[in-house]
Peer 1: 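The structure under discussion is supplied below as structure tokens; questions concerning it will follow.
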Amino acid sequence: MSATLVPETGSASATMRRNFWRGVWRVMRRKPSRMAGVVIIVGFAFMGLFGSLFYPDPLPDNPASITQPPSWEHWFGTDPQGRDVLALVVTGSRYVLLTATVTAIITVVVGTSIGLFSGFRRGRWDTVLMRLTDMKLTIPGLPLLLVLATVWKFGSPLQMGLVLGLLGWGGVARAVRSQTLSLRERGFIEAARGLGLSTRHIIGKELLPSMAPYIAMNMLIAVTGAVYSQVGLFFLGVLPYESDNWGVMLNLAVFQAGAMITPNALGYLLAPLLAILLLTLGIVLVVDAMDEIFNPRLREE
């Protein structure tokens, strides 16, 4: 009997996966803008991973082309060192995107772990973990980063991502705890507890898969927050210019190239801004699609 159930179970699982991906395709196809969001994110990922292969590192200076306006040769002009601005955007994306990815992973992993465990166990553990989370949320992030920048150079995107991630998990922990408190009263969780399954099994096999779409959306949102945070810190000049990235470009465009008053340097300012806006747009479009995919109330029949 059991030998005949295994193929049926596997077939049912494969059918569910096929139906799920068909549903994803229908949702994405319904609004072409969502497909555009996927293309944008994939394009930025490709640029961050392989962009440095198309340009030398570091980019060579060209004294004959200092702060040139946009042209066919240089679509966004050149910087005060004569380097192509578009090439700077491409090569500078690696630091920004790697930092944002590390930040999002740490934020989601730490916040989800604390929120799931706290919401499921409740009692004393819930009280202790939520008080720690409240303390974390009361710590002002920007002043703390300013202090850390005086002793820590943040030359590596991994270091920057680690700090931003450890400063940003509080909101995710609170949100995941709220979701967990709602799910723990559902019938399938009650049945798992009635069967005597371990806490690790219930959290890992029952609660976590149910919250995976919500966690994935929080991860994408954390990416945008990390981009804004690091670019803002570099623009303010509180972090050293040890690597070319979009924040450094904005700072130099305004305070060195005079982009606010010099038309020739306007492309130097607009290029990183457009990159940030385009990345944000792509993430927003994908999050919109994910919300409909995983929320039956929003899914159109």
Side-chain angles (χ1 to χ4, degrees), residues 13 16-46 48-49 96-120 133 161-162 164-184 186 188-189 200 202-230 276 278-300:
S13 178
M16 290 178 63
R17 286 195 297 268
R18 285 196 299 269
N19 291 337
F20 172 77
W21 289 112
R22 287 171 183 169
V24 170
W25 175 246
R26 283 197 300 269
V27 170
M28 299 299 293
R29 189 177 55 183
R30 187 173 296 127
K31 292 184 180 179
S33 60
R34 294 168 176 172
M35 291 298 297
V38 174
V39 171
I40 291 171
I41 292 179
V42 171
F44 273 100
F46 180 85
L49 289 172
V96 174
L97 297 179
L98 183 56
T99 298
T101 302
V102 173
T103 301
I105 291 174
I106 294 175
T107 298
V108 169
V109 169
V110 175
T112 300
S113 301
I114 292 176
L116 276 171
F117 189 78
S118 176
F120 183 77
T133 302
L162 175 64
L164 291 178
L166 293 177
L167 290 176
W169 58 265
V172 176
R174 271 290 182 186
V176 170
R177 174 183 176 269
S178 299
Q179 293 288 325
T180 304
L181 289 174
S182 174
L183 288 174
R184 75 187 301 274
R186 302 287 179 86
F188 68 99
I189 300 297
R200 178 180 299 180
I202 296 175
I203 292 178
K205 301 294 185 180
E206 305 294 339
L207 280 175
L208 192 58
S210 300
M211 299 183 62
Y214 179 78
I215 294 170
M217 287 190 288
N218 271 279
M219 189 168 185
L220 287 175
I221 294 171
V223 169
T224 61
V227 170
Y228 295 152
S229 296
Q230 61 178 305
I276 295 170
L278 192 61
L279 176 61
T280 303
L281 175 63
I283 291 175
V284 168
L285 293 175
V286 171
V287 168
D288 173 64
M290 292 176 65
D291 197 18
E292 183 174 332
I293 290 169
F294 296 110
N295 191 340
R297 295 181 181 179
L298 297 179
R299 195 179 302 131
E300 299 177 10

Peer 1: Kindly compute the distance separating CD1 (Ile276) from CG (Leu281), expressed to the nearest 0.5 Å.
Peer 2: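 Reported value, rounded in 0.5 Å steps: 13.5 Å.
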Peer 1: Minimum heavy-atom separation for Leu181 and Gly119, please, with both atom names.
Peer 2: CD2-O, 3.4 Å
Peer 1: Please name all residues satisfying ring pair (Phe, Tyr, Trp, His ring centres under 6.0 Å) with Phe46, sequence neighbours left out, ordered by chain then number.
Peer 2: Phe50
Peer 1: Nearest 0.5 Å, what's the CG-CD1 distance between Leu166 and Ile106?
Peer 2: 5.5 Å
Peer 1: Out of Val176, Asn218, Thr180, which one pairs with Thr112 under the side chain to side chain contact (heavy atoms under 4.5 Å, CB included) rule?
Peer 2: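 Going through Val176, Asn218, Thr180 one by one, the side chain to side chain contact (heavy atoms under 4.5 Å, CB included) with Thr112 is satisfied by Val176 alone.
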Peer 1: Return the set of residues passing side-chain contact (heavy atoms from CB on, under 4.5 Å) with Val109 (not counting sequence neighbours), or none when no residue passes.
Peer 2: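 Ile105, Ser113.
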Peer 1: Any side-chain heavy-atom pair from Thr224 and Leu220 closer than 4.5 angstrom?
Peer 2: no
Peer 1: So which atom in Gln230 and which in Leu164 form the shortest heavy-atom distance, rounded to 0.1 Å?
Peer 2: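 So the minimum-distance heavy-atom pair works out to CB-CD1, 4.3 Å.
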Peer 1: When rounded to the nearest 0.5 angstrom, what is the spacing between CG in Leu167 and OG1 in Thr103?
Peer 2: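 Reported to 0.5 Å precision, the distance equals 9.5 Å.
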Peer 1: Could you give all pairs that pass the salt bridge (Lys or Arg N to Asp or Glu O under 4.0 Å) test and reach residues 168-178, with sequence neighbours left out?
Peer 2: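 Output for this query lists Asp126-Arg177, Asp134-Arg174.
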Peer 1: Which residues pass the side-chain contact (heavy atoms from CB on, under 4.5 Å) test with Leu97, not counting sequence neighbours?
Peer 2: Phe44, Ser93, Leu279
Peer 1: For residues Ala100 and Val227, report the shortest heavy-atom separation together with the two atoms involved.
Peer 2: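 For Ala100 and Val227, the tightest heavy-atom pair comes out as CB-CG2, 3.8 Å.
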Peer 1: Please find the pair of heavy atoms, one from Thr107 and one from Trp169, that lie closest to each other, and give the distance.
Peer 2: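 Answer, listing the atom of Thr107 first, then Trp169: O-CB, 3.7 Å.
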Peer 1: For Ser178, give me all partners under side-chain hydrogen bond (donor to acceptor under 3.5 Å, both in side chains), at least two apart in sequence or on another chain.
Peer 2: none
Peer 1: Name all residues meeting the side-chain contact (heavy atoms from CB on, under 4.5 Å) criterion together with Ile41; count only those two or more places apart in sequence or in a different chain, and write none if there are none.
Peer 2: Ile283, Val286
